[in-house]
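A short worksheet on the structure shown next.
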Amino acid sequence: VLPVRLKEIARLRLAALNGCSFCQVGDRASAIAHGVTETEVDALFGDGQCPSFSSAEQAAADAAGRMSNFDSEAVIDDALQARLNANFSPEALVELFAVIGILTGMARMLLAAGFITRTCALEPQA
């Protein structure tokens, strides 16, 4: 249901927050291949805010940030829920939450099991 670009934005925001260099490199390349600009990528690695994001894309990035393993509150508040409801159908919200939830769970599992470290020495390929 969701455009791939939007899912890439949520995925890269999670990778930026999770800190795994392996995910960051792969997700960055995939996001760029699906139309996310370098400026937008930089924003996702910063505070997650970018004026060129549509309201749906910004809401997805914000939801990814709130649902990440590294948000101390990890709750979608009423204001963000209202923005999500304004931008997505119920079916699209289920898909967005499933994508974010699966990626967050996988990151937690990979970190907890020691398959990856929070940071690793992997340089991006040009």
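Computed from a prediction, not measured in an experiment: that's the story for all the values here. We count residues from 1, following the sequence as given.
Connection of Leu103 to Leu84 is established within a shared hydrophobic cluster, with ILVMFWY side chains joined at heavy-atom distances below 4.5 Å, either directly or through further cluster members. Met67 and Leu17 fall into different hydrophobic clusters, where Ile, Leu, Val, Met, Phe, Trp and Tyr residues are linked whenever their side-chain heavy atoms come under 4.5 Å apart, directly or through other members.
A salt bridge links Arg28 and Asp42; the closest N-O separation between the charged side-chain nitrogens and carboxylate oxygens is under 4.0 Å. Residues Lys7 and Glu57 are not paired through a salt bridge, judged by the lack of any N-O separation under 4.0 Å between the basic side chain and the carboxylate.
Separation of atoms CD1 (Ile32) and CG (Leu12) is listed at 8.0 Å; rounding is to 0.5 Å. Rounding to the nearest 0.5 Å gives a distance of 10.5 Å between CG of Leu96 and OG of Ser89. Remark: Gln58 CD to Leu6 CG distance equals 10.5 Å, nearest 0.5 Å. Remark: Glu91 CD to Leu2 CG distance equals 10.5 Å, nearest 0.5 Å. Between Leu14 atom CG and Asp27 atom CG the span is 8.5 Å, to the nearest 0.5 Å.
In this structure, Leu93 and Gln81 have side chains that are in contact, with non-hydrogen atoms separated by less than 4.5 Å. Side-chain contact between Asp62 and Phe53 is absent, with no heavy-atom pair separated by less than 4.5 Å. In this structure the side chain of Ser55 never reaches within 4.5 angstrom of the side chain of Arg83, judged on heavy atoms.
When every heavy atom of Ala60 is checked against every heavy atom of Ala10, the shortest pair comes out as O-CB, 4.3 Å. In this structure, Ala56 and Phe88 approach most closely via the heavy-atom pair O-CZ, 3.4 Å. Of all heavy-atom pairs between Glu40 and Ser52, the closest is OE2-OG, 2.7 Å. The two residues Gln49 and Ala43 come nearest to each other via the heavy atoms O-CB, 3.3 Å. Smallest separation of non-hydrogen atoms from His34 and Val4: CD2-CG1, 3.2 Å. Of all heavy-atom pairs spanning Asn87 and Ala59, the tightest one is ND2-CB, 4.4 Å.
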Phe45 and Gln24: side-chain contact (heavy atoms from CB on, under 4.5 Å), yes or no, with the steps?
CA-CA 9 Å; Phe45 278 87; Gln24 290 175 356; 3.5 Å; yes
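The side-chain hydrogen bond (donor to acceptor under 3.5 Å, both in side chains) test applied to Ser30 returns Glu8, Arg11, not counting sequence neighbours.
More than 12 heavy atoms of other residues, nucleotides or ligands lie within 6.0 Å of CG in Asp77, so this atom counts as buried by the packing criterion.
A distance-only check finds a donor-acceptor pair linking the side chain of Arg5 to the backbone of Gly35 [under 3.5 Å]. Counting only distance, with no hydrogens or angles, the side chain of Arg66 and the backbone of Ile76 share no donor-acceptor pair below 3.5 Å.
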